[in-house]
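A short write-up of the structure that comes next.
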Amino acid sequence: MNLHEYQARDILRRHGIPVPPGDVATTPAEARALAEKLGGKVVVKAQVHAGGRGKAGGVKLAKTAAEAEANAKAILGMKIKGLTVQKILIAPAAEIASESYVGIIVDRASQRAVVMVSPAGGIDIEEVAATTPEKIHRLAVDPRYGLLAHQALGLGFKLYGDVKQARAAADIMQKLYGAFYAVGASLAEINPLVTTPDGSVQALDAKISIDDNELERRPDIAALRDTSAEAPEEVAARDAGLTFIKLEGNVGCCVNGAGLAMATMDLVKYYGGAPANFLDIGGSSNPQKVVSALRIITSDPNVKAILFNVFAGITRADDVANGIVQATTEFALKVPMVIRLIGTNEAIAVDILKKAGFSALTDMDDAVKQAVAKATGKAA
Amino acid sequence: MNLHEYQARDILRRHGIPVPPGDVATTPAEARALAEKLGGKVVVKAQVHAGGRGKAGGVKLAKTAAEAEANAKAILGMKIKGLTVQKILIAPAAEIASESYVGIIVDRASQRAVVMVSPAGGIDIEEVAATTPEKIHRLAVDPRYGLLAHQALGLGFKLYGDVKQARAAADIMQKLYGAFYAVGASLAEINPLVTTPDGSVQALDAKISIDDNELERRPDIAALRDTSAEAPEEVAARDAGLTFIKLEGNVGCCVNGAGLAMATMDLVKYYGGAPANFLDIGGSSNPQKVVSALRIITSDPNVKAILFNVFAGITRADDVANGIVQATTEFALKVPMVIRLIGTNEAIAVDILKKAGFSALTDMDDAVKQAVAKATGKAA
Amino acid sequence: MSIFIDESTRLVVQGITGRDGSFHAKQMMAYGTKVVAGVTPGKGGQRFEDAVPVFNTVAEAVLETKANTSVIYVPAAVAASAIFEAADSGIELIICITEGLPVLDMTRALPYVHERGARLIGPNCPGLISPGKSKVGIIPGSICKPGKIGVVSRSGTLTYEIIHQLSTHGYGQSSCVGIGGDPLIGTNFIHCLAAFADDPETTAIVMIGEIGGTDEQQAAEYVKDKIKKPVVGFIAGQTAPPGRRMGHAGAIISGSSGTAAEKIAAFQKAGISVMKRPADVVPLLKERL
Amino acid sequence: MSIFIDESTRLVVQGITGRDGSFHAKQMMAYGTKVVAGVTPGKGGQRFEDAVPVFNTVAEAVLETKANTSVIYVPAAVAASAIFEAADSGIELIICITEGLPVLDMTRALPYVHERGARLIGPNCPGLISPGKSKVGIIPGSICKPGKIGVVSRSGTLTYEIIHQLSTHGYGQSSCVGIGGDPLIGTNFIHCLAAFADDPETTAIVMIGEIGGTDEQQAAEYVKDKIKKPVVGFIAGQTAPPGRRMGHAGAIISGSSGTAAEKIAAFQKAGISVMKRPADVVPLLKERL
């Protein structure tokens, strides 16, 4: 789950990291009031879960409160990478002496949280990493000890020659590492970490992503979810306990298990079709999940055929069959459906489907070929 | 530094451990008011840094608020093991179904914090440990991982057969372990950990000692020190940066280093004398520390002779000599003094002392023999 | 022969009285796995299916039954704790079926397991099976067949698909290991490849990877350098969309790696025969054997 | 020969620009110790006494100067951090002079040092000296003399007293090690006894203990079982009062152990000649050599 910048700033602040003032607004009037309160120049920043806000016009400077209001009017409602801006952050336009980068992410290779810093921060950090990797310094943190003071200071000296600033950066890194574990983050990033002309070190912009598996035990963090900033069908899928990603094809796929789901999509393409989605009904599906899955798939007007591919194991085939039958009593599928269903309780499932007028295949390739044929109108 | 029971209860409570209500009082009227607020039977408990309060009459039950006031009157001002009771805790007299023991201490052998639990808690826990050691269960906690949930639950099952109570105890142990590190404890003990007739698990009495070396970085904990509950000369010594323990002998000892201080005391005894104190002026002494040391020693009327034994290393002999001379200008020593002083800057020191009319010996045995002779009035 | 589990496997089921745990404990018992103990705190002293003693803690289970392997079916919130407990109790092989474990829990559990010299398989994995000998986890025993092909996979049901292809075409398996799809796992491809290489009964290896991370690339290097036996591979996710990504740290740490194309290229470079679709596994094996 | 330090010791002084650090760095340089680097964050690039390069971090110091040993003079609040840093930077021998370290800091620093295969001496110790070769810490070089007696002690100034007795009576030392008086220390009596036993030049060992803990008792067992060389011992604190104690945990964990009488008895049982007073060291050594 991605947090908005203003939410990430709140978390940093709670963990003692110096963050410039500023607050979130949802209307131009609120933006104006906040700008007046802050005084001086402010920056109006779109709060959406997408990079490249600046280039898309979602970040604007305002010299006066009236200008802030005007900017807010322009940015609120704007679409950035398909997402509508519903919230904006109003913060003072800081005077910046230098921009650095500090990020923490869980690294598969070292199986640890890795702290990354670079004295060349700002929007071009990925280019820095690609072209001058020696400017990126990394440290895999031993989770048994946490980010130790000397390690953080060593990284701090990579950012700043001045010992006071190095210590300030080290302190920020240790607090960011603490916040990372405390909120169950999968990513925490300060970009840029700035120095101001008076020498202080501050987190100007922050991004935090939360590991979805952490949300159950962290209701306070889960409450930060902003569903208005997400695609509605993905929200519906998550509410139903499904993993769903929309694509541009015409074969709606409904599969158990992420690996098999991807292999099924690949096979759709192999046989000349295009998958309309990734959809994993998960390990221990019940009929209701299948109903929800079909509802989401059929709501996509691009879908011309539905492909079920279920290899029952912990998922029971009869549950899936029951779900399919139940769905057809609740709403019309509108498009043809091909079902491949084998494994645990296969015989019972086939029986259930037969009684409802469906047939089931046993071979994955056969099923995919038929589904592609039905979607494209060509013979299998 | 030892905390009072009421302070330890506050810390436990802040860490989420269930502690019965109750508060501290310093006058009988306050005790009465607290008893009225609590309602029902209460217990009035002396808050002093000594064990065996119950046996000394420092813990009394009261059925009414009036009785609580009377008990408070009796207990406040009472002396327990030489310490005057200045504070009392008023708490409800809990109904108790069972008494267990939970303690954490740093263990030299395993170099870890060790959690100890026993289903046989209460005032006789040391006897339990001595006579039926199998009733004491210990776990050395790996500081890199902390007290893990399964470990705490395993200990919880040693206390209670009921899984809910075992889980409650495990939760308390994990929180106690967290508190142990959070406050910089050297000891944290819940004795007894009780179950009430309704099955809940609570910390009825708590003891926490803080590692003195933690106090500098924990001003909130350092502020809990109650100097009124300590011997005045020990308070004065600590304020001066000295380690001082009063004894019953007549040779006042002033030494640099704990090991040499103990060896000096042993040698005093070896030559037929009795040390009046343990006093370590520490590693990097300055003249003022020596002045304070002499002031504390000379304030003991039992002291008949003063013995200086300094082997200068990181401590400079001239600093010590200057301190001695300065002290004699500030107050009268009243008793004879024998000085043994060698090591770093020895020659300068001897010169300083000579000019002030003192002589210094170089041999430890000679010095101790002379000091004992002066204290006892016998020839060395 | 087989890898990791066989007739000497003495299994304790953590969460044996739960919904998934009890269902699969019965399945494993029916398959012939030596299920010697179960653990559910508070249910110590009971017997599961009138046969398997239940204990409050894994330590007691090990003490009383000499269990050497554990399988975990407890909820995600307490699954890391179950891994800690198994490792702390002297269990040598821990299989964590539970999915949805917080990744940060794994950063702490993995070194703990490692320090104790234990092996963790998973989490979020289907477990493993040495057909005809022992099954630990949820791989349906009915689709497997004893034989000489070693299977190692990051997926669950895709593994079943491949095993199904093998068995129906007469290719039995020495062992099938589902290592799990989570970012942090206890046993990776290389560990399994090494074990299959050492297993005299295994004549060929099937390796099923997917997009994300660089485990497959490292495994390919390992195959090239160390594995003499034929290896057939598959990568799922050629059509999967690149996930929407916040922040830059992911790109900085992994660059452009993790795509199916990159992994397939690494496989090919290492001499691994690459399937275009699951049904290719048998034809490719035939070519190599 | 000698133990732990000798002519090959290349020392980095952590806290070299501080009050204690600078004073003792000069003393060590004057004694002939190879002080190759100093560390003070923010003073990197300077030179101490126009000779020793100062770095911001120990890692840089090791990289640039191949330092293999570190001595710590930083304040107590950051001393554990200095230990972590030294161990993390590949230093093999870390001597922590600083006193007043929180014990809980040590519970974390000790396994960190141990995992890296490094040795920590101290904290709260006077350091060590191999007379004529190298001195690391604060033991006054002037009272020592090269020779064949190994000295190991929990105290500071009491050690000087014993060394003084030895040197003035013609008994030089191979090495003198002050292991420190804190409850948790990196190097204990047994580690030093083992090193002295392996040192061909050391002909006898003087061991100076004090009340508290059971290190001396364990050391006595070790002497009985493993040490062939003569050992002379002292225990300080026969007249020390038992500390006022709160709570029961201390008594539970240690029972009645830790008294001088118990330790002296353990020494005697192990065949260690026990001094009644520091001045006995030379007569007892004479008896045993």
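Every value quoted in this text rests on a predicted model; they were computed, and no experiment measured them. All values below come from the heavy atoms of this structure, side chains included, with hydrogens, waters and symmetry mates left out. Here is the naming used below: chain letters follow the sequence lines, and residue numbers restart at 1 for every chain.
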Look at atom CD of D:Glu115 and say whether more than 12 heavy atoms of other residues, nucleotides or ligands are closer to it than 6.0 Å.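 Yes.
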Within 6.0 angstrom of B:Lys246 NZ, more than 12 heavy atoms from elsewhere: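 More than 12 within 6.0 Å, yes.
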Side chain from CB out, backbone as N, CA, C, O: work out which of these in [X] comes under 4.5 Å of a heavy atom of chain D, or both, or neither.
| X | answer |
| --- | --- |
| B:Ala274 | neither |
| B:Arg340 | side chain |
| B:Leu215 | neither |

Side chain, backbone, both or neither: which part of [X] has an atom under 4.5 Å from a heavy atom of chain B?
| X | result |
| --- | --- |
| D:Phe234 | side chain |
| D:Ile208 | neither |
| D:Ile235 | backbone |

Less than 4.5 Å apart, any side-chain heavy atom of [X] and any of [Y]?
| X | Y | answer |
| --- | --- | --- |
| B:Phe180 | D:Leu104 | yes |
| D:Thr239 | B:Phe278 | no |
| D:Thr214 | B:Arg108 | no |

Considering all heavy atoms of both residues, which atom of [X] and which atom of [Y] are nearest to each other, and what is their separation?
| X | Y | value |
| --- | --- | --- |
| B:Gly259 | D:Glu210 | CA-OE1, 3.8 Å |
| B:Ala312 | D:Pro140 | O-CG, 4.1 Å |
| B:Leu260 | D:Thr157 | CB-OG1, 3.2 Å |
| D:Pro278 | B:Met364 | CG-CE, 4.0 Å |
| D:Leu158 | B:Ala263 | CD1-CB, 3.7 Å |

When you check the gap from the basic side-chain N to the acidic O, do B:Asp365 and D:Arg277 get nearer than 4.0 Å?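 Answer for the salt bridge query: yes.
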With a 4.0 Å cut-off, would you call D:Asp105 and B:Arg217 a salt bridge?
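Salt bridge between D:Asp105 and B:Arg217, a charged N being under 4.0 Å from a carboxylate O: yes.
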Short side-chain to backbone donor-acceptor contact, [X] and [Y], under 3.5 Å:
| X | Y | answer |
| --- | --- | --- |
| B:Asp266 | D:Ala236 | no |
| B:Asp211 | D:Val103 | yes |
| B:Gln111 | D:Pro183 | no |

So how far is it from D:Met106 CE to B:Asn213 CG, rounded to the nearest 0.5 Å?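 Rounded to the nearest 0.5 Å, the CE-CG separation comes to 11.5 Å.
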Going from CG on B:Asn256 to OH on D:Tyr160, what distance comes out if it is rounded to the nearest 0.5 angstrom?
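The OH atom of D:Tyr160 is 8.5 Å from CG of B:Asn256, to the nearest 0.5 Å.
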Heavy-atom pairs under 4.5 Å with chain B - which of D:Ser155, D:Gly181, D:Gly237, D:Pro102 has more of them than the others?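 The residue among D:Ser155, D:Gly181, D:Gly237, D:Pro102 with the greatest pair count is D:Pro102.
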